[in-house]
Asker: 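Got a structure here, written out as structure tokens. Questions coming.
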Number of protein chains: 2
Amino acid sequence: MPQRLTREESQAVTRGRLLEAGSEVFAEKGFYGASVEEIAERAGYTRGAFYSNFADKAELFLALIDQRTEQSIEEISAILRDASSPEAALEGIRRRDFSRPLDRSWFLLTTEFRLYALRNAKVRPKLVARERQVRQAFTRAATAQLSALGAPLPAPPEQLGLIVQALDDGLWMHRQLDPGAVPADLLVDVLELLLRAAVALADGG
Amino acid sequence: MPQRLTREESQAVTRGRLLEAGSEVFAEKGFYGASVEEIAERAGYTRGAFYSNFADKAELFLALIDQRTEQSIEEISAILRDASSPEAALEGIRRRDFSRPLDRSWFLLTTEFRLYALRNAKVRPKLVARERQVRQAFTRAATAQLSALGAPLPAPPEQLGLIVQALDDGLWMHRQLDPGAVPADLLVDVLELLLRAAVALADGG
DNA sequence: GTCTATATAAAGATAGAC
DNA sequence: GTCTATCTTTATATAGAC
């Protein structure tokens, strides 16, 4: 038997449901196309409940951005933290990529966030800060792998992270548009190839 | 002295201006955020003129997608046809996709198209066909470069093109979000590095 | 072919009941 | 804290004047 919820807990549930519904509707319709009413309805409430939890539509959208990016960073960090070897880290990324491409609405939502940020000067710095954190996570992963293999860095560290990030995002998008053209774990294959190449470069030069 | 326009020509001008204005407003506000009134106004007309040229907002958007995809497929084909060397082909593609003068709004519109296509089954094949053309161009350039260097292909040819395309798109996006983090010619640097790596791999393995 | 005027609908947001 | 009722604004789309 579940214990009776306090008012705070009850509101947290409402807030969570609204966030979940918001991520769905934003993914389907985009920021402008999504209406507060549809979000509230899908969460099982009315607009009144929505406005007692969020100042407006943009605030819920921003809350989703935070949630979503924190999650990404945490995933990458966890993979790095738990991996006992470079191979294990790559394997962790491979698993992550396998589970992710199925999530079409996740991609739509992410892309929608980015467009929104590009169009809103107040929001952009927040998203950029998050993207940089993700980039740093990739940078740490790349440099750790290279040094574990005893290979020198073939480029400035931040650029290595950026390259992995860009490749990850680009492959993700093309996989959404044309699934047959993009094997789910192509990113990991490329990363493995790059690592081998870095070693070969170091030996050769 | 320009000759007097026929009614058809005059309407074609109106239509052209509406399309141009539409591409701007869609880039700025997205599909849902763009209003028919703003598009018409920016073109120098009223909503009345809009509705005598297009059935509704979606029709203008679809016309824009048709226009742009046809145009860009033709451009890519021309680059492939005219390029005197693989290097020239790659350079042509890179210039075209990465260094547009109206980089920002072109990126926004492109992304808006992609989102729209992902949400609309009828439009998607058109865009996918265009993406495949670009990919093919990258593939040809990559394989030609590698064979010119006497290096074996480190992956299936289509995957090489896809990797370049994804990297290009990913860097393009991150450059929009965080210009200072992405040197303008990073893509070329990376491709050069990859080529050297492929040679090193061939020698080493 | 384009404009002005207007009908109709939908969305954002607030106030007050419970 | 959530719902119902309501105000206000904004958008789509049409009809008729010129």
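Order of the sequence lines fixes the chain letters, A, B, ..., with proteins taken first and strands second; residue numbering starts at 1 for each chain. These numbers were taken from a predicted model, which means no experiment stands behind them.
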Asker: Students often get this wrong, so: under 4.0 angstrom with heavy atoms, is Ala34(B) touching a base, only sugar-phosphate, or nothing?
Answerer: sugar-phosphate
Asker: Within this structure, what is the CD-to-P distance between Glu37(B) and dT2(C), rounded to whole angstrom?
Answerer: 17 Å
Asker: dT2(D), dT12(D), dG1(C): which one has an atom nearest the side-chain heavy atoms of Ser35(B)?
Answerer: dT12(D)
Asker: Give Ser52(A) one of three labels, base, sugar-phosphate or nothing, depending on what nucleic acid heavy atoms sit under 4.0 Å from its own.
Answerer: base
Asker: May I ask you to evaluate whether Thr14(B) reaches the phosphate of dT2(C), defined as a side-chain N or O under 4.0 Å from OP1 or OP2?
Answerer: yes
Asker: Taking side-chain contact (heavy atoms from CB on, under 4.5 Å) as the criterion, tell me which of Glu131(B), Arg130(B), Arg132(B) meets it with Leu177(A).
Answerer: Glu131(B)
Asker: Rounded to whole angstrom units, what separation is found between the CD atom of Glu38(A) and the P atom of dA10(C)?
Answerer: 12 Å
Asker: Which whole-number value in Å describes the distance from Arg7(B) CZ to dG1(C) P?
Answerer: 6 Å
Asker: When the distance from CG of Leu60(B) to P of dT12(D) is rounded to whole Å, what number comes out?
Answerer: 12 Å
Asker: Give the rounded distance in Å between these two atoms: CD of Gln11(A) and C1' of dG1(D).
Answerer: 6 Å
Asker: Output the rounded distance in Å from CZ (Arg47(B)) to P (dA5(C)).
Answerer: 11 Å
Asker: Within the 4.0 Å heavy-atom criterion, would you say Thr46(A) contacts the bases, only the backbone, or no part of the nucleic acid?
Answerer: base
Asker: Looking for any heavy atom pair under 4.0 Å, which part of the strands does Tyr51(A) touch: base, sugar-phosphate only, or nothing?
Answerer: base
Asker: Identify, with sequence neighbours excluded, every residue that meets ring pair (Phe, Tyr, Trp, His ring centres under 6.0 Å) alongside Tyr45(B).
Answerer: none
Asker: Picking from dC3(D), dA13(C), dT2(C), which would you name as closest to the side chain of Ala49(A)?
Answerer: dC3(D)
Asker: In whole angstrom, give the distance that lies between atom CG of Asn53(A) and atom C1' of dT2(D).
Answerer: 9 Å
Asker: Once you round it to whole Å, what is the distance between C1' of dG12(C) and NZ of Lys29(A)?
Answerer: 16 Å
Asker: Where do Arg94(A) and Asp189(A) land on the salt bridge (Lys or Arg N to Asp or Glu O under 4.0 Å) test, with the steps shown first?
Answerer: CA-CA 9 Å; Arg94(A) 192 189 293 277; Asp189(A) 288 343; 3.5 Å; yes
Asker: Given dA11(D), dG12(C), dC3(C), which nucleotide is nearest the side-chain atoms of Val36(A)?
Answerer: dG12(C)
Asker: Can you say whether the rings of Phe31(B) and Phe26(B) are parallel (under 30°), tilted (30 to 60°) or perpendicular (over 60°)?
Answerer: parallel
